[in-house]
Amino acid sequence: EDKVVQSPLSLVVHEGDTVTLNCSYEVTNFRSLLWYKQEKKAPTFLFMLTSSGIEKKSGRLSSILDKKELFSILNITATQTGDSAIYLCAVEARVRSQGNLIFGKGTKLSVKP
Amino acid sequence: ETGVTQSPTHLIKTRGQQVTLRCSSQSGHNTVSWYQQALGQGPQFIFQYYREEENGRGNFPPRFSGLQFPNYSSELNVNALELDDSALYLCASSRVGGGNEQFFGPGTRLTVL
């Protein structure tokens with residue numbers, strides 16, 4: 001059965017810290033891996049990764065994919081209280097359903113002032 | 001560019017009732033996917049619609065059904081509601097051939113009593 005596992009499930013840090021969120025997956029017919037940030041309701045898109053070893057960067061956030069070891073990490077440097085949210089990792093697979101996303105449970109990040 | 005919108009925001013129903021949730025896709029997007037997010041869990045794929053036809057389905061029973069209209073908006077219908085159907089229902093739109101990023105709406109919080 002396809003699965004996506006995120007760790008840790010929750011994390012508490014102080015402003016200015018650097019955090020690394022992990023996502024491992026076992027999915028047949030892998031197509032892409034996506035990261036989302038969910039603050040209240042709507043998950044907002046952060047990154048989509050399809051190729052191994054190519055870092056994607058947006059401001060203080062960056063992410064990389066390792067397709068050989070089947071994992072991805074999301075780094076956040078110089079964290080701010082506004083980074084507090086649930087970070088969701090999702091993998092797109094084409095098994096029975098075309099284009100559906102398989103999500104992990106998320107990592108709840110709390111940034112204290 | 002208009003984002004994904006969903007209605008209603010909140011809904012309270014009783015067991016056995018039926019419910020219809022609505023979603024308007026982002027401008028330029030032709031594919032709509034529906035997800036169920038239970039408390040403390042990642043979103044789970046229900047089904048996807050493309051060109052007004054179901055284009056893939058997750059592990060949900062037939063009492064979960066949907067429609068897509070010519071303007072790409074979509075409905076999710078759930079019959080014979082059960083207590084476990086209480087969740088946040090998220091709609092995501094994307095564009096076939098335009099990358100696999102799915103953009104989410106704010107969701108509908110359904111409570112079944």
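Labels below follow one simple rule: chain letters A, B, ... track the order of the sequence lines, proteins then strands, and each chain is numbered from 1.
No chain of hydrophobic side-chain contacts below 4.5 Å, direct or via other Ile, Leu, Val, Met, Phe, Trp or Tyr residues, connects B/L83 to B/L113. Cluster membership check: A/L33 shares its hydrophobic cluster with A/I102, using side-chain heavy-atom separations under 4.5 Å among Ile, Leu, Val, Met, Phe, Trp and Tyr. Both A/L74 and A/V19 belong to a single network of hydrophobic side chains, linked directly or stepwise wherever heavy atoms of I, L, V, M, F, W or Y lie under 4.5 Å apart. Residues A/Y36 and B/Y89 do not share a hydrophobic cluster, clusters being chains of Ile/Leu/Val/Met/Phe/Trp/Tyr side chains in contact below 4.5 Å. By the criterion of side-chain heavy atoms lying less than 4.5 angstrom apart, applied directly or through intervening Ile, Leu, Val, Met, Phe, Trp or Tyr residues, A/L46 is grouped together with A/L21 in one hydrophobic cluster.
Of the two parts of B/E54, neither the backbone nor the side chain holds a non-hydrogen atom closer than 4.5 Å to a non-hydrogen atom of chain A. Within the 4.5 angstrom heavy-atom criterion, atoms from both the backbone and the side chain of B/T9 approach chain A. Residue contact with chain B, scored on non-hydrogen atoms closer than 4.5 Å, is absent for A/Q6.
In this structure, B/F47 places its CZ atom where more than 12 heavy-atom neighbours from other residues, nucleotides or ligands lie under 6.0 Å away. Annotation: B/R15, atom CZ; neighbour count of heavy atoms from other residues, nucleotides and ligands within 6.0 Å does not exceed 12.
Residues A/E1 and B/N59 fail the side-chain proximity criterion, which asks for heavy atoms closer than 4.5 Å.
Nearest heavy atom pair, residue B/G42 against residue A/L88, reads CA-CD2, 4.3 Å. Taking each heavy atom of A/Q38 and B/L88 in turn, the nearest pair found is NE2-CD2, 4.1 Å. Taking all atoms of both residues into account, the shortest heavy-atom contact from A/A42 to B/G105 is CB-O, 3.0 Å. When every heavy atom of B/E101 is checked against every heavy atom of A/M48, the shortest pair comes out as N-SD, 4.1 Å.
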- Audit row: A/E92, B/Q102, side-chain hydrogen bond (donor to acceptor under 3.5 Å, both in side chains) steps and yes/no: CA-CA 10 Å; A/E92 183 184 15; B/Q102 293 187 20; 5.4 Å; no
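Judged by distance alone, with hydrogens and angles left aside, the side-chain atoms of B/Y35 form a donor-acceptor pair with the main-chain N or O of A/L101 at under 3.5 Å.
Within the hydrophobic cluster formed by Ile, Leu, Val, Met, Phe, Trp and Tyr side chains joined at under 4.5 Å, directly or through other members, A/F71 is accompanied by A/I64, A/I73.
Ring geometry, A/F45 versus B/F103: the interplanar angle falls from 30° to 60°, so the pair is classed tilted.
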